[in-house]
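Notes follow once the structure below has been shown.
Letters A, B, ... mirror the listed sequences (proteins, then strands); counts begin at 1.
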Number of protein chains: 2
Amino acid sequence: MRDIITLQQKIAPELIELLERRYTILRHVSHSQPVGRRSLANSLKLGERIVRTELDFLKEQGLLESNMSGVKLTAEGEYLIHQLSDFVKHLRGIHEMETRLRERLGLGHVVVVPGNSDEDELVKKEMGRAAARYLLEVMRGGSIIAVTGGTTVGEVANAVPVSHYPHNVLVVPARGGLGEEVEIQANTIAAKIAKKLMASYRLLHVPDNIAEDAVKSLSKDPHIREITRTIKSADILIHGIGNAQELSVSRGDSPEETRQLIRAGAVGEAFGHYFARDGTIVKTIHSLGVRLSDLKHINHVIGVAGGRRKAGAILAVVSNRHETVLVTDEGAGRAILEQMDGGER
Amino acid sequence: MRDIITLQQKIAPELIELLERRYTILRHVSHSQPVGRRSLANSLKLGERIVRTELDFLKEQGLLESNMSGVKLTAEGEYLIHQLSDFVKHLRGIHEMETRLRERLGLGHVVVVPGNSDEDELVKKEMGRAAARYLLEVMRGGSIIAVTGGTTVGEVANAVPVSHYPHNVLVVPARGGLGEEVEIQANTIAAKIAKKLMASYRLLHVPDNIAEDAVKSLSKDPHIREITRTIKSADILIHGIGNAQELSVSRGDSPEETRQLIRAGAVGEAFGHYFARDGTIVKTIHSLGVRLSDLKHINHVIGVAGGRRKAGAILAVVSNRHETVLVTDEGAGRAILEQMDGGER
DNA sequence: ATCTGCGGGACAAAAAATGACCAGCCACAG
DNA sequence: CTGTGGCTGGTCATTTTTTGTCCCGCAGAT
């Protein structure tokens, strides 16, 4: 398998480019079907005409069909795209990358999707898909699933397939609310996942950036006590990973606070904890919800994050060794490996 | 493996064309290196310029290098061409064809090389290579190798690699001399193989088309008696397969004799025997050397022949069920399977 | 009714592939 | 020693393919 790919890359490199291009097109179509050639060309950053040529070809091959509202995958195309994605993973050596990451980071499982979410918005959706697939796999009857906020975890919610029969699980937000956008609140995401699974959910109506004494007074509320206890007994946690600086800003810290945090070595952030490059905790936001000490009771701690920009943050967070699963993308994965190699020398 | 090929054919069909074209070029170069682009273009029946473009590309990739006398394979190209040939076999479904032929003809082993020797002279060389490789594999110390004449078996001799240490084997002609061309006489071929292997050889100075009473008188010669006995104790036989009609003519039969032979059902010829479609013997040339009855004592009976034209002859000969190995080409293989399917209905 | 985004047609410009030469070089045969 | 033939590499006009752009009529949404 490996050799046949290197063989082809040696003897016909133009063609593998073509193949990847067509795969990208199929993938884009699959995500936003039905879609017109112009908007496709736009998001692919390719000329309209060239997209058109490829589209015609793919129609010819029976992988796409077009009606008046745009082009969409046929059943055959739907089937093919799965095979293709695996093949592209081979092409780019992503399977190798997954095992290297798994071994060097000491994780139980690593999924890397092709592409770089910094450059291509769809890659994030692809990560969401992968994470959702993994979630469905490990989820059991009676599971309690805790989720954080963030755009990436939001995509996980989008990717969870709508179920036509009820799942006996409970979805809860892992932490309180943060920022303004309702779409990426932990509460919203938890609810969305639960609805798709026809499962139940609880909400935690507490801001995440909250003063310590306020936490204490809130904890006395019996409602909040109960939901907090539920959250801490989760067996699955899906969380995003953020850059320390960006998260500090969006938490509303003053520039001085942020600077101090960074100076203290904070690189990554996850569920209210700031991590340094070596995985140690720099700062903890003492809000309600999941804390680091709870993680060891959670069977599946699933980190979802991608993009070259976030490589450092991801590396910091997973170095804490509480993660079991990482879902990321090619851009981040490559950068992480580079940083580890650089750091060793 | 199969699916990844169908996948590629679906998503990038031009890939396989390009790949085959480049493979053909490499193969041609490998056979007649060093070679110039013009003669290449000529034998490939492609424009000079297009050959040039491909050649430049292959040089770029480090598979070819050119000095003043022409272009030739680099070590890397040499290595790659083997992988490629296997890959092309997969592409054309030749591996499947081999097993189907093996099963339906009841043979021990079948090798099919890509192409059709009717159209491309090089395919014959390729068969020679394959047969030579097989020979080296089954040959043991003390082996006696009998070979017939013919251009195809001649290519086997050409393809046997020159050895730098002596092999303890004996090469003998399986039958007497036939026709004029010295290059394709059994004697010549036997000697050539032996020399390349640094082995010993014996010659049989007897014409193959000889009257029966002459055979008897010749048999009394002690020299000839001994070499004949040696030949009959061979454990490996490599023989060509010919069309009955063509062979009858080149044996010098009168038109009437030939017509009679064909009317009697003769289709194929091998080592002095004419075979009908169902494998039965139509006529035997009672010369000296290997006869059909000797074959059951020979471990490896290797038939080498290719080209669509010869499909019928090959089918007739191997239907006799004395063969153990068949080396042929894609054109003949396909035609044989077609004829068998046609004959069954 | 208007507006937007769709497929499909059309066409010129740009780029690439191709065919056809020529010059200079080297090896080899006579 | 010289002519001959085959080789590479350069060049250029021509053909073919690819690409960028615009327009049109249409269907569904607003």
Side-chain angles (χ1 to χ4, degrees), chain A residues 11-78 121-122, chain B residues 11-78 121-122:
Chain A
I11 198 85
E14 318 98 272
L15 275 303
I16 70 134
E17 276 174 44
L18 184 66
L19 192 137
E20 292 208 21
R21 174 197 278 181
R22 287 181 181 162
Y23 168 64
T24 320
I25 293 181
L26 282 180
R27 199 160 46 98
H28 270 78
V29 171
S30 115
H31 273 107
S32 40
Q33 56 187 315
V35 64
R37 89 171 100 96
R38 314 166 89 105
S39 67
L40 258 185
N42 222 319
S43 62
L44 286 167
K45 288 186 262 178
L46 288 175
E48 171 195 331
R49 190 51 210 262
I50 163 167
V51 167
R52 195 170 170 180
T53 316
E54 298 298 354
L55 246 39
D56 286 344
F57 168 80
L58 292 168
K59 275 184 231 165
E60 193 76 22
Q61 293 293 88
L63 305 177
L64 294 181
E65 62 190 0
S66 65
N67 56 15
M68 53 232 110
S69 65
V71 65
K72 68 180 181 186
L73 290 176
T74 64
E76 191 181 356
E78 200 80 55
E121 193 59 27
L122 279 191
Chain B
I11 198 84
E14 52 270 68
L15 177 131
I16 69 138
E17 279 172 42
L18 185 66
L19 195 135
E20 292 209 21
R21 174 197 280 182
R22 288 184 180 160
Y23 168 64
T24 319
I25 294 181
L26 282 180
R27 199 161 46 99
H28 270 77
V29 171
S30 116
H31 274 107
S32 41
Q33 56 187 314
V35 65
R37 88 173 99 97
R38 312 170 86 109
S39 66
L40 259 183
N42 222 320
S43 63
L44 287 166
K45 288 186 260 174
L46 287 175
E48 172 195 331
R49 192 51 212 263
I50 161 165
V51 167
R52 194 170 172 180
T53 315
E54 297 297 355
L55 247 39
D56 286 344
F57 168 80
L58 293 168
K59 276 183 232 165
E60 192 77 24
Q61 294 292 83
L63 304 177
L64 294 181
E65 63 189 358
S66 66
N67 57 15
M68 53 234 110
S69 64
V71 65
K72 67 179 181 187
L73 290 177
T74 63
E76 192 181 355
E78 199 80 54
E121 194 58 28
L122 281 191

Stems field, DNA chain D, Watson-Crick or wobble, 3.5 Å, at least 3 pairs, by first number, holds C:1-30 with D:1-30

Kindly compute the distance separating CG (B:Leu64) from CD1 (B:Ile25), expressed to the nearest 0.5 Å. 8.5 Å

According to side chain to side chain contact (heavy atoms under 4.5 Å, CB included), who are the partners of A:Ser69, at least two apart in sequence or on a separate chain? A:Pro34, A:Asn67

Could you list the residues that satisfy side chain to side chain donor-acceptor pair (under 3.5 Å) with A:Arg21, not counting sequence neighbours? A:Glu54

According to salt bridge (Lys or Arg N to Asp or Glu O under 4.0 Å), who are the partners of B:Glu14, at least two apart in sequence or on a separate chain? A:Arg22

Hey, can you pull the residues of residues 56-67 of chain A with a non-hydrogen atom under 4.0 angstrom from DNA chain C? A:Lys59, A:Asn67

Donor-acceptor pairs under 3.5 Å, side chain of residues 56-63 of chain B to any protein atom, not counting sequence neighbours: which ones?
| unit_1 | atom_1 | unit_2 | atom_2 | d |
| --- | --- | --- | --- | --- |
| B:Gln61 | NE2 | A:Lys10 | O | 2.5 |

Rounded to the nearest 0.5 Å, what separates atom NZ in A:Lys72 from atom OG in A:Ser30? 13.0 Å

Which residues pass the side chain to side chain donor-acceptor pair (under 3.5 Å) test with A:Glu48, sequence neighbours left out? A:Arg37

Spell out, as yes or no, whether a donor-acceptor pair under 3.5 Å connects the side chain of B:Ser32 to the backbone of B:Val35. no

Please identify the 5'-most and 3'-most nucleotides of DNA chain D with any atom under 4.0 angstrom from a heavy atom of chain B. D:dC7 to D:dC12

For the pair B:Ser43 (side chain) and B:Leu40 (backbone), establish whether a donor and an acceptor sit closer than 3.5 Å, ignoring hydrogens and angles. yes

Sequence neighbours excluded, which residues qualify as salt bridge (Lys or Arg N to Asp or Glu O under 4.0 Å) partners of B:Glu20? B:Arg92

Assign a letter to each nucleotide of nucleotides 15-30 of chain C from its 5' end: B, base within under 4.0 Å of a protein heavy atom; S, sugar-phosphate only; -, no contact. ---BBBBB---S----

Who pairs with A:Thr24 by side chain to side chain donor-acceptor pair (under 3.5 Å), at least two apart in sequence or on another chain? none

For A:Ser39, the side chain to side chain donor-acceptor pair (under 3.5 Å) test, sequence neighbours excluded, returns none

